[in-house]
Structure formats: C-alpha cells, structure tokens
Amino acid sequence: MKEFSDIQTREIGLQKSLTAGQLSMIALGGAIGTGLFLGSKFAIGFAGPSVIVSYLIGGAIALMLMGVLAEMTVKHPTSGSFGAYAEHYLGPVYGFLVRYMYWLCIVLAVGTEVTAVGEYMQFWFPGVPPWVWVVVFSGALIGVNAMNVKSFGTLEYWFSAIKVFAILAFIIVAAWLVFFAGKQEYGFQNWGADGGFMPNGISGMWFGVIVAIFSYLSIEMIAVAAGEAKEPERAVKKAFKATIFRLVVFYFLTLSLIVSIAPMSEILEGGSPFVTVMQVIGIPFADSILNFVVIIAALSAMNSQLYISTRMMFSLARAGEAPRALGKVAGNGTPINALVLSCIGIAVATVIYVLFPGEAFTMMFAISMFGAMFTWFMIFVTHIAFRRRVARDGETLSYKIPGSRIGAYFGAGLMLAIALSTYFTDEFRATLPFGALMLVVTLIGYVIMRAKKSRAKQASPAE
C-alpha cells in the first residue's frame, strides 16, 4: 500500500504562503456568500421563521464535518485534501469520484455566485442586462486568481473582513431594534405571524436544511488551502476553531433577527433578506450600503471557489487523472491551466442567464447541490475508514476532536437523508437525477482512464 507521503510529494510546486488568519477568511469567504445573503430567502420560503432550526441542524452537520476534517488535515496537509484522503483510505476510484464531483460542484457554485451578482446589480442598474455584470466581474476575479497565492490570500482576507464587519453591524442595529427600541412591530412575536413558526410544517423546516447545507458549503476549503499554508498544523487548528464558531453565530443571529423584523411576505417578495430588512427599518441609504456588501460577499465567495476548484483540478492532474498540462504551475506558483478550465462554471452561468434570466440562480443552485452533498457524505465515510486504519496500526493522533467518530456516522446518515429529500421539492427535484447522471459519467470516465493506463503499461516493456 502506498504511503500518504507519495501523494504529498506529487503535489509539490504550490507556494506555502497562507497564514492562519487568511485560511479562516478563505473559508468564510466561500461560506458567507449567496447562501446567507440570497439563499436564505429560499430557506425562509420553505421553513418560515423555523429557518433558524434549519440552519442550526445544518450548522451541527457542518460542525461534525469540521471535526473529522480537522483530524485528517492536521495529519495529512495537502492540496488534494479530502480527495487525497479518499484515495488513500478508501481506494483510487473513491478519490477520483470525490475530486471530480467536488470540482463540478464548486465550478457550478462559482456560476451561482456570479448569477447572484447579476441579481444584486439590478438594484442599482435595472436597465443593464445581468449578464453584462457577470462578464465584467468574472474577468476581474479570474485576473486575481492568476496572481500568486499570497496576493489572492490578502485580497480574500479583506473581502471577507468587509463581510464580517458588515454582518456584525447588521446584528448590532437589528438587535437594538428588537430588544431596546420599544417598537411593537419588531420582536419575537413575528415568529408566530404569517402562518406561524412552521408555516409549512416539519417538512418545510427540513427542506430548509437543504439550503442551509449549501450555505455552509465551502467551510471545507480550509482543508484544501492547508496545502499552501506556512505552518499547516498550527494554521489548520486555529482556522478550524475560528471558522465554525463565526459561521454558526453569524447565521443563527442574523436569521433570528431577520425573521423578527421583516414580515414574511416582504422577505419573500424582495431580493436579499438583508436589503429587505434595511428597507423595512427605513434607514437612509442603508439598503444601498448593504447591497454593496452582499455584492462583495458574492464576489468573495466566487473568488474562493475559483481558487479551490483550481487546486482540486491541479490535484487530479498530478494524480494522473486529468490531462498532465492541468498540473503545470506557473512561475508565480499558480496552476494557470487548471484555473482556465475551472472558469467553465462562469461560462455556463452566463449562457443560462441569457437563456433563462428569471430562473438562472435557482437552476444553478439546484444542479450544483449534488456535488456538495456527495462530497460531505464521502468526507464522513473517509473519516470512518481513517479512524479504523489509525486504530489498526496503533497510531496516536496529534489532534483529536471529541465525538468525531460518532459524528462521522451521524453526519453520513444525515447527508444521505438530505440528498434523498431533494427529490421531494420542486426547486431541487433536478438535483438527484442530475447528480446521479454525473456520477455515472464520472465512473465511466474512471474505467476508461484505467483501461488506457493499463494498456500503456503493458505496451511500455515491448517498446
């Protein structure tokens, strides 16, 4: 059996320049994007005020995921991350599937973010076609990702810092209105209005978890970025702890305050729930300021996702499971060819936006969901195999998370349940069939690739 160090060796070439603070902000950059600022509207449409419970369930799954990933990442920091872990602990076919399905998911998620930017820009420029903004902002962020990783990390740090400060300001203002302003129209009584706390029952609350999982998607980016960290073990430990706390607090507090201030009917009629709340409150220009923030949030998430999809394709190429050219690194340490290929999501998003401007965001959201759910499920399954191997070999982990072994089983079961639930919603009904089709196509690709490798190996001695 190959050593994991063999995988780490073949991925040499990327620069190790990211700090613990930048790792945390990269993860926040990916996870605090359309999921919170725009996707939360879809979750509220399913769950009503019980969206708070939906995001708490999603947060619990994310917490379990961060725990199992932290253990594996501290032991094996590499850009291939959970794809490399699946290859080593489950087998080559699983590593192949995880990398490709995750790459597809993130590439399409980039499309989701950029279509959201088109939506947000309509607030200021309703006469300009959204696809124009898709092209303009995409070009700028592709240029950023073509720079060295240190420049990317610095920009992403400040992008994410803007979001974090804006959310904190929102929480302070909204909390003051709910708890101290003395206005009866704001408060927890709104949780029971417009159909009650669970207007669509328990099923509506559960369907809200689907959106919550998509919202938390990208927290796993820390594990991928660890391959380019200065001191991976110390940086990863610090970043994991900081990220999960911030995410759960931000999502829980902001959504609780949103449904305490804005009537359900107004939230569902508007764009971003954050902008709707500012309009309801009536703070001058606050809605424009917040619209600027949510655009920054989407661009930040897109920036992080371009980075992560590029690194995953780079890992595939270095594993011999994608064209060798995609594993080449430029002088500044950036896999430019892998970046160019990973921009396909932007192209898909632009085409969909031109053809279906009204449904573009929901469509991209639904078809990118499967890869996310499959990846999280496989991370949990990989951790189960990882812990069994560690116990069998009598190893002692330098970093252990309490309850991670049980959490892996619970997490895998919940992700399977969530994936099956998508089939019973109109908005996500395409997720499972699309995902299953892509899984089959990827498997066929793996079989063809292995057959070619086998023939080449057999032919080489004769030559």
Side-chain angles (χ1 to χ4, degrees), residues 14-15 17-18 22-23 25-38 103-122 124-125 128-164 166 217-218 221 224-225 228 291-314 326 330 332-354 360-361 364-365 368:
L14 300 175
Q15 294 182 351
S17 308
L18 298 175
Q22 288 173 333
L23 279 184
M25 286 303 193
I26 287 171
L28 284 173
I32 301 180
T34 56
L36 177 61
F37 289 108
L38 187 60
W103 178 80
L104 178 65
C105 154
I106 295 297
V107 161
L108 292 175
V110 171
T112 302
E113 300 294 345
V114 79
T115 54
V117 170
E119 295 277 353
Y120 299 148
M121 292 301 290
Q122 292 297 291
W124 292 320
F125 305 101
V128 179
W131 65 264
V132 172
W133 302 115
V134 171
V135 173
V136 170
F137 287 116
S138 297
L141 290 183
I142 291 168
V144 169
N145 274 267
M147 299 177 187
N148 61 49
V149 72
K150 186 176 181 180
S151 300
F152 161 81
T154 301
L155 179 67
E156 191 53 44
Y157 182 92
W158 289 109
F159 259 174
S160 296
I162 291 172
K163 292 188 291 188
V164 169
L217 174 66
S218 295
M221 286 183 179
V224 180
E228 293 178 85
N291 196 58
F292 167 77
V293 172
V294 297
I295 288 172
I296 291 294
L299 291 175
S300 170
M302 179 185 170
N303 199 32
S304 291
Q305 288 161 354
L306 267 178
Y307 164 82
I308 225 72
S309 58
T310 299
R311 268 55 183 182
M312 197 56 64
M313 184 51 64
F314 164 82
L326 299 174
N332 63 359
T334 301
I336 295 292
N337 294 339
L339 170 63
V340 172
L341 181 64
S342 295
C343 292
I344 192 171
I346 299 171
V348 171
T350 306
V351 171
I352 290 178
Y353 225 140
V354 171
F361 177 77
M364 294 296 295
F365 190 102
S368 65

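Position 1 is the first residue of the sequence, and the numbers go up from there.
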- Message: To check you understand the geometry: which heavy-atom pair defines the closest contact between Trp103 and Ser309, and what is its length?
- Response: CD1-O, 3.1 Å
- Closest approach of Ser342 to Leu306 (non-hydrogen atoms, all atoms of both residues): O-CD2, 4.1 Å
- Looking at residues at least two apart in the chain, or sitting in another chain, which of them share a ring pair (Phe, Tyr, Trp, His ring centres under 6.0 Å) with Phe292? none
- Item | Val128: side chain to side chain contact (heavy atoms under 4.5 Å, CB included) partners, not counting sequence neighbours | Phe125, Val132, Trp133
- Message: So Phe137 and Leu299, do their side chains get closer than 4.5 Å, heavy atoms only?
- Response: yes
- Item | Taking every non-hydrogen atom, the tightest pair across Leu339 and Ile142 | CD2-O, 3.9 Å
- Item | Validation row: Met313, Pro335 side chains within 4.5 angstrom (heavy atoms) | no
- Distance in Å, Leu341 CG paired with Asn337 CG, rounded so as to fall on 0.5 Å steps: 9.0 Å
- Query: Is the shortest heavy-atom distance from the side chain of Ile296 to the side chain of Trp158 under 4.5 Å?
  - Reply: no
- Message: With a 3.5 Å distance limit and no angle check, can you tell me whether Ser138 reaches the backbone of Val134 through a side-chain donor-acceptor pair?
- Response: yes
